[in-house]
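Below, read A as the first sequence line, B as the second, and so on, with proteins coming before strands; counting in each chain starts at 1.
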Protein chains: 2
Amino acid sequence: MSDPSLLGSLFRLAHSLKRQTHQQIEQMDLAIAPMHVRVMKIIDGSAPCTANDVVQFLNRDKAQVTRLLKTLIEQDLLQREPNPNDKRSQLLTVTESGAALMQRMAVVDATTYQTMTKGLSADELDAFHRIADQMAQNLAER
Amino acid sequence: MSDPSLLGSLFRLAHSLKRQTHQQIEQMDLAIAPMHVRVMKIIDGSAPCTANDVVQFLNRDKAQVTRLLKTLIEQDLLQREPNPNDKRSQLLTVTESGAALMQRMAVVDATTYQTMTKGLSADELDAFHRIADQMAQNLAER
DNA sequence: GCGAAATGGTTGATAATGTCAACCATGTTT
DNA sequence: AAACATGGTTGACATTATCAACCATTTCGC
């Protein structure tokens, strides 16, 4: 199994999408990167949320997540408050300006999604999503 | 559209696979990275091949590809010879030790592929591949 | 209840990936 | 023949990513 292959296609698609997001962020004149946006989306979509939750979700080193969160907090896109259940931890939420950015990104994302999925049915997209999740789960179960 | 979403699943899958490859390379005690392997597979799978061909295929900056190739040549996994049709360019091929590595990676890849695709039919995998290519093409057409 | 072990998060260091700009030699176009 | 474009290289820098060590806190075992 080699390029061009299923994996090759997957990596090329992921790379294209990452560049798209990067260009969108540049056009918005934001001092963040695609991974920052990704983290905000995770936090925006679930409450309560801790750094460790993001670590688990992204399957990334906690050092990386800590740094991503730090930048977002510095730019007033995220905020943290003490976790009443664990003094070591803080609860993360999106600020008002962060929520505004999430809304702007949602509009852009919808456009990108429409472009990307042209000529593909809802069934095909569902299958793609399901198969991707199945594959990731298979790999995680090793 | 947000995490967890189709894109979220895609990025998580890509990340899992990259880590897999990284661990495999570490276990083989090789001084290269997943992108090096990816480049070798591209070159191994098509002849003749130039740096520019790899640039086009991967959709990456030529600076990055030049550096990846340099490392592989330094480690005698790839070799270059003058392109008879263009003095600016060189033709790239996999060396004997590079070919041996490609064979070892093929075995490992087959195992990973089997793990990853467990519970999925050939039709589903074909659909996944086709949809991924369609999406990448849609994005490239902007 | 106390000590050991584990956990949540931070920081330093380093690796991998990635792009931009400037440059040189060569090829193509006008 | 000059201008423009291209293939490849290098410097600089950005983004993504992990490992190790550390501190404060929580959990576990006795």
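- Look at CZ on R60(B): it is 12 Å from C1' on dA16(C), rounded to the nearest Å.
- Using a 3.5 Å distance cut-off with no hydrogens or angles, the side chains of Q24(A) and T112(A) do pair a donor with an acceptor.
- For the pair H22(B) NE2 and dA16(C) C1', the interatomic distance rounds to 7 Å; values are reported in whole Å.
- Here A63(B) lies in heavy-atom contact (under 4.0 Å) with a base.
- Atom P of nucleotide dT6(D) and atom CG of N85(B) are separated by 18 Å, given to the nearest angstrom.
- Per the geometry, CD belonging to Q23(B) stands 15 Å off P belonging to dA17(D), to the nearest Å.
- Of the candidate nucleotides dT17(C), dG8(D), dG12(C), dT17(C) has the atom nearest to the side chain of P34(B).
- Counting only heavy atoms from C-beta on, K62(B) has its side chain closest to dT9(D) among dT25(D), dT9(D), dT19(C).
- Closest to the side chain of K87(B), from the set dG8(C), dG27(C), dT15(D), is dG27(C).
- Picking from dT25(D), dG9(C), dT16(D) the nucleotide with the shortest atom distance to the side chain of K18(A) gives dT16(D).
- Considering only side-chain atoms of R19(A), the nucleotide from dT17(C), dG9(C), dT19(C) that sits closest is dT19(C).
- Note on N83(A): nothing from the nucleic acid sits closer than 4.0 angstrom, heavy atoms only.
- Atoms CG (N59(A)) and P (dC19(D)) sit 11 Å apart, rounded to a whole Å.
- K41(B) has a carboxylate O that lies under 4.0 Å from a charged side-chain N of D109(B), or vice versa, which qualifies the two as a salt bridge.
- In this structure, T95(B) contributes its side chain and D76(B) its backbone to a donor-acceptor pair below 3.5 Å.
- Taking the nucleotide of DNA chain C with the nearest heavy atom to each of Q56(A) and E26(A), the more 5' of the two is matched to Q56(A).
- Atom-to-atom, NE2 of H36(A) to P of dA17(D) comes out at 11 Å; the value is rounded to the nearest Å.
- Residue R67(B) is classed as a base contact, given a heavy-atom separation below 4.0 Å to a base.
- Look at R80(B) and you'll find a side-chain N or O under 4.0 angstrom from OP1 or OP2 of dT9(D).
- Residue S89(A) is classed as a sugar-phosphate contact, given heavy-atom separations below 4.0 Å to backbone atoms only.
- Minimum interatomic distance between S46(A) and I42(A) (heavy atoms only, all atoms of both residues): OG-O, 3.2 Å.
- D61(B) comes within contact range of at least one nucleobase, with a heavy-atom separation under 4.0 Å.
- Per the geometry, CD1 belonging to I25(B) stands 15 Å off C1' belonging to dT18(D), to the nearest Å.
- Cluster membership for M116(B) and I131(B), using ILVMFWY side-chain heavy atoms within less than 4.5 angstrom, is shared.
- Taking only side-chain nitrogens and oxygens, H15(B) comes nearer than 4.0 Å to OP1 or OP2 of dT18(D).
- Of the side-chain N and O atoms in R88(A), none sit less than 4.0 angstrom from OP1 or OP2 of dT7(C).
- Closest contact between the side chain of Q64(B) and the listed nucleotides dG18(C), dT10(D), dT16(D) involves dG18(C).
- Here the P atom of nucleotide dT17(C) and the CZ atom of R38(B) are 10 Å apart, to the nearest Å.
- Taking the nucleotide of DNA chain D with the nearest heavy atom to each of A31(A) and D86(A), the more 5' of the two is matched to A31(A).
- Residues D133(B) and S9(A) have side chains that bring a donor and an acceptor to within less than 3.5 angstrom of each other.
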